[in-house]
A.B. asks: 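So that we are looking at the same thing, I have put the structure below in structure tokens.
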2 protein chains.
Amino acid sequence: MPEKIIPDIVVGRLPIYLRALPRMLEEKRRVTSSQELGERLGISAAQIRKDLSQFGEFGKQGTGYSIDYLAEQIRQILHVDRVWDMAVVGVGDIGSAVARYQGFSHRGLRVAMIFDSDPAKIATQESSFTVKDTKTIKESIHEAGIQVAMIATPSQVAQEVAEELVSAGVKAILNYAPINLTVPENVRVQYIDPAIHLQRMTYYL
Amino acid sequence: MPEKIIPDIVVGRLPIYLRALPRMLEEKRRVTSSQELGERLGISAAQIRKDLSQFGEFGKQGTGYSIDYLAEQIRQILHVDRVWDMAVVGVGDIGSAVARYQGFSHRGLRVAMIFDSDPAKIATQESSFTVKDTKTIKESIHEAGIQVAMIATPSQVAQEVAEELVSAGVKAILNYAPINLTVPENVRVQYIDPAIHLQRMTYYL
DNA sequence: TAGATTGTTAATCGATTAACAATC
DNA sequence: TAGATTGTTAATCGATTAACAATC
């Protein structure tokens with residue numbers, strides 16, 4: 001039975017829907033509609049219904065969606081109804097900010113390990129972690145069964161770090177280095193580069 | 001004369017093209033083709049040619065594109081052939097990492113001012129900046145004529161900070177707080193939220 | 001000249017929106 | 001019941017790709 005292929009652009013919107021739902025709960029809302037959610041997010045109601053309907057029927061005619069239930073369903077779809085251990089490579093400004101960030105654990109992710117190649121940093125304490133030598137990436141990550149990693153190294157070494165991570169079994173990489181990575185097609189990469197986002201806006205200034 | 005409207009998705013790819021070009025120069029390349037650039041970026045050659053042709057004719061049949069010339073043209077299109085001053089609001093882990101980041105200036109941007117509301121931080125030194133009181137946002141930013149800002153505050157105050165920035169004349173906001181902002185339609189917002197990118201990948205794990 | 005690669009058009013593909021029957 | 005809102009289909013819209021004449 002061939003599994004239905006969901007467009008990547010639809011998958012990409014699910015985390016945005018999911019992020020909004022706990023905020024609505026905080027406001028003591030219990031039920032929402034595609035229209036209300038759409039207005040908050042600047043997305044059309046039709047699109048939200050269409051996206052969600054790819055995965056099942058989560059709403060009730062006349063009433064809308066139970067916020068709690070919808071959030072739980074999206075968590076399951078995205079596999080964040082569990083917690084994924086992550087490795088961070090590069091303990092510079094960004095790497096340590098990420099290591100200290102408290103916001104991941106509610107969202108199905110957690111930093112479990114950090115690496116650097118600088119002898120002055122290796123074996124020191126950073127947040128609640130002892131910095132490991134990047135030379136041990138393959139062994140440590142493989143042993144821990146970690147599949148998700150963030151690269152926060154200088155651009156020059158990002159590609160080789162990526163290859164090391166892949167050989168250790170990593171399947172999802174979030175890259176903070178401002179460079180395009182080449183990885184096998186069964187590995188996913190996402191990029192965070194503030195300058196890219198900013199240049200996208202300066203066009204309109 | 002109505003100016004041609006360029007799709008936002010095309011504008012969004014220009015910074016990606018631009019980022020790759022100086023790297024090619026470093027490798028002593030002087031000329032490239034849509035095919036070569038496309039292979040590096042995982043984008044089709046036809047799309048790159050189509051995108052660029054929206055803005056002019058930058059290549060030569062049979063030869064390709066002069067890397068130097070193309071980069072300069074894209075910089076002009078994106079208005080990063082100058083340097084934009086930016087304000088950073090929130091001097092936590094992310095805010096200070098951004099304030100210290102050296103990579104903006106080559107790309108047409110520069111942090112010029114940082115703000116926090118914590119009395120323990122106001123007037124202290126952070127990187128090369130003296131932290132200003134968020135209460136002075138409107139006055140300081142307006143006086144400096146700053147149009148670009150980054151929000152790196154807790155989510156709870158991000159919306160009100162955004163409104164303050166807008167009233168000070170800011171037209172482009174990069175938001176690190178994991179929350180959707182509501183702004184007037186002449187103001188652009190881009191979001192950076194690592195958890196969103198990560199959840200987009202855990203779907204496939 | 002022969003080979004390569006652009007810029008552009010037309011064809012294809014895919015995503016978004018509008019509309020509405022079903023139904024809570 | 002009347003009103004509201006879903007899930008889904010068909011229509012529209014927009015983006016990507018293929019193909020090729022032009023030309024360096």
Side-chain angles (χ1 to χ4, degrees), chain A residues 2-18 20-21 24 29-74 76-77 200 203, chain B residues 2-18 20-21 24 29-74 76-77 200 203:
Chain A
E3 191 155 323
K4 181 161 63 156
I5 283 128
I6 307 292
D8 189 58
I9 198 163
V10 173
V11 174
R13 279 190 294 261
L14 295 184
I16 297 171
Y17 302 157
L18 178 57
L21 296 174
M24 289 177 152
R29 311 289 324 288
R30 288 292 168 261
V31 170
T32 187
S33 65
S34 57
Q35 184 175 3
E36 186 190 39
L37 191 55
E39 277 165 14
R40 293 215 181 194
L41 301 179
I43 293 175
S44 81
Q47 179 155 90
I48 292 176
R49 293 202 302 278
K50 187 110 205 281
D51 285 352
L52 295 176
S53 74
Q54 306 255 18
F55 302 96
E57 308 195 351
F58 306 132
K60 262 208 191 75
Q61 283 104 322
T63 321
Y65 300 89
S66 154
I67 296 173
D68 228 356
Y69 178 73
L70 181 58
E72 196 45 42
Q73 292 301 308
I74 297 179
Q76 283 180 24
I77 295 165
R200 212 180 157 148
Y203 171 79
Chain B
E3 190 154 325
K4 181 162 61 154
I5 283 129
I6 307 290
D8 189 58
I9 197 164
V10 173
V11 174
R13 279 190 295 259
L14 295 184
I16 297 170
Y17 302 158
L18 179 56
L21 296 173
M24 290 176 150
R29 312 290 324 289
R30 289 291 168 262
V31 170
T32 188
S33 64
S34 57
Q35 184 174 4
E36 186 191 38
L37 191 53
E39 276 166 16
R40 292 215 182 195
L41 301 178
I43 293 175
S44 81
Q47 179 155 86
I48 292 176
R49 293 202 301 280
K50 186 111 204 282
D51 284 353
L52 295 175
S53 74
Q54 306 254 20
F55 301 95
E57 307 195 353
F58 305 132
K60 261 209 191 75
Q61 283 104 323
T63 321
Y65 300 89
S66 154
I67 295 173
D68 228 356
Y69 178 73
L70 181 58
E72 197 44 43
Q73 293 301 309
I74 297 179
Q76 284 180 26
I77 295 165
R200 215 181 153 146
Y203 172 79

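Numbers restart at 1 for each chain; the letters A, B, ... are given by sequence-line order, proteins then strands.
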A.B. asks: May I ask you to test the Leu41(A)-Arg13(A) pair for a side-chain heavy-atom distance under 4.5 Å?
C.D. replies: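 Sidechains of Arg13(A) and Leu41(A): no contact.
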A.B. asks: Between Tyr65(A) and dG7(D), does any side-chain N or O lie under 4.0 Å from OP1 or OP2?
C.D. replies: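 Checking dG7(D) against Tyr65(A), a side-chain N or O does come within under 4.0 Å of OP1 or OP2.
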A.B. asks: Do Phe55(A) and Ile74(A) touch side chain to side chain, with heavy atoms closer than 4.5 Å?
C.D. replies: no
A.B. asks: Any side-chain heavy atom of Arg30(B) within less than 4.5 Å of one from Ile67(B)?
C.D. replies: no
A.B. asks: I need the CD-C1' distance between Gln35(A) and dA19(C), as an integer number of Å.
C.D. replies: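 From Gln35(A) CD to dA19(C) C1': 15 Å.
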A.B. asks: From CD1 of Ile67(B) over to P of dT6(C), roughly how many Å is that when rounded to an integer?
C.D. replies: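 It is 12 Å, rounded to the nearest whole Å.
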A.B. asks: In residues 39-54 of chain A, which residues come under 4.0 Å of DNA chain D by heavy atom?
C.D. replies: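 Under 4.0 Å from DNA chain D: Arg49(A), Lys50(A), Ser53(A).
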A.B. asks: For DNA chain C, what dot-bracket results from Watson-Crick or G-U pairs at under 3.5 Å, with [ ] for crossers and | for inter-strand partners?
C.D. replies: ..||||||||||||||||||||||
A.B. asks: May I ask you to verify if any side-chain N or O of Ser34(A) is less than 4.0 angstrom from the OP1 or OP2 atom of dT6(D)?
C.D. replies: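 Indeed, a polar side-chain atom of Ser34(A) lies that close.
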A.B. asks: dT16(C), dT6(D), dC24(D): which one has an atom nearest the side-chain heavy atoms of Gln61(B)?
C.D. replies: dC24(D)
A.B. asks: Any non-hydrogen side-chain atom of Leu52(A) less than 4.5 Å from a side-chain atom of Tyr65(A)?
C.D. replies: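 Result yes, sub-4.5 Å side-chain heavy-atom pair found.
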A.B. asks: Looking only at non-hydrogen atoms, find the nearest pair between Ser34(B) and Arg49(B) and report the distance.
C.D. replies: OG-NH1, 3.0 Å
A.B. asks: Could you say whether Pro7(A) or Lys60(A) is positioned toward the 5' end of DNA chain C, judged by the nucleotide with the nearest heavy atom to each?
C.D. replies: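 It is Pro7(A) whose nearest nucleotide is closer to the 5' end.
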A.B. asks: Does the side chain of Gln54(A) come within less than 4.5 Å of Pro7(A)'s, by heavy atoms?
C.D. replies: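 Yes; the side chains approach each other to less than 4.5 Å.
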A.B. asks: Could you tell me which non-hydrogen atom of Ala20(B) sits nearest to which non-hydrogen atom of Leu37(B), and how far apart they are?
C.D. replies: CB-CD1, 4.0 Å
A.B. asks: Between Thr63(A) and Asp8(A), which residue's closest nucleotide on DNA chain C lies nearer the 5′ terminus?
C.D. replies: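 Counting from the 5' end, the first nearest nucleotide belongs to Asp8(A).
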A.B. asks: Got a second to check how far Ile77(A)'s CD1 is from Glu72(A)'s CD, nearest 0.5 Å?
C.D. replies: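 It is 10.5 Å, given to the nearest 0.5 Å.
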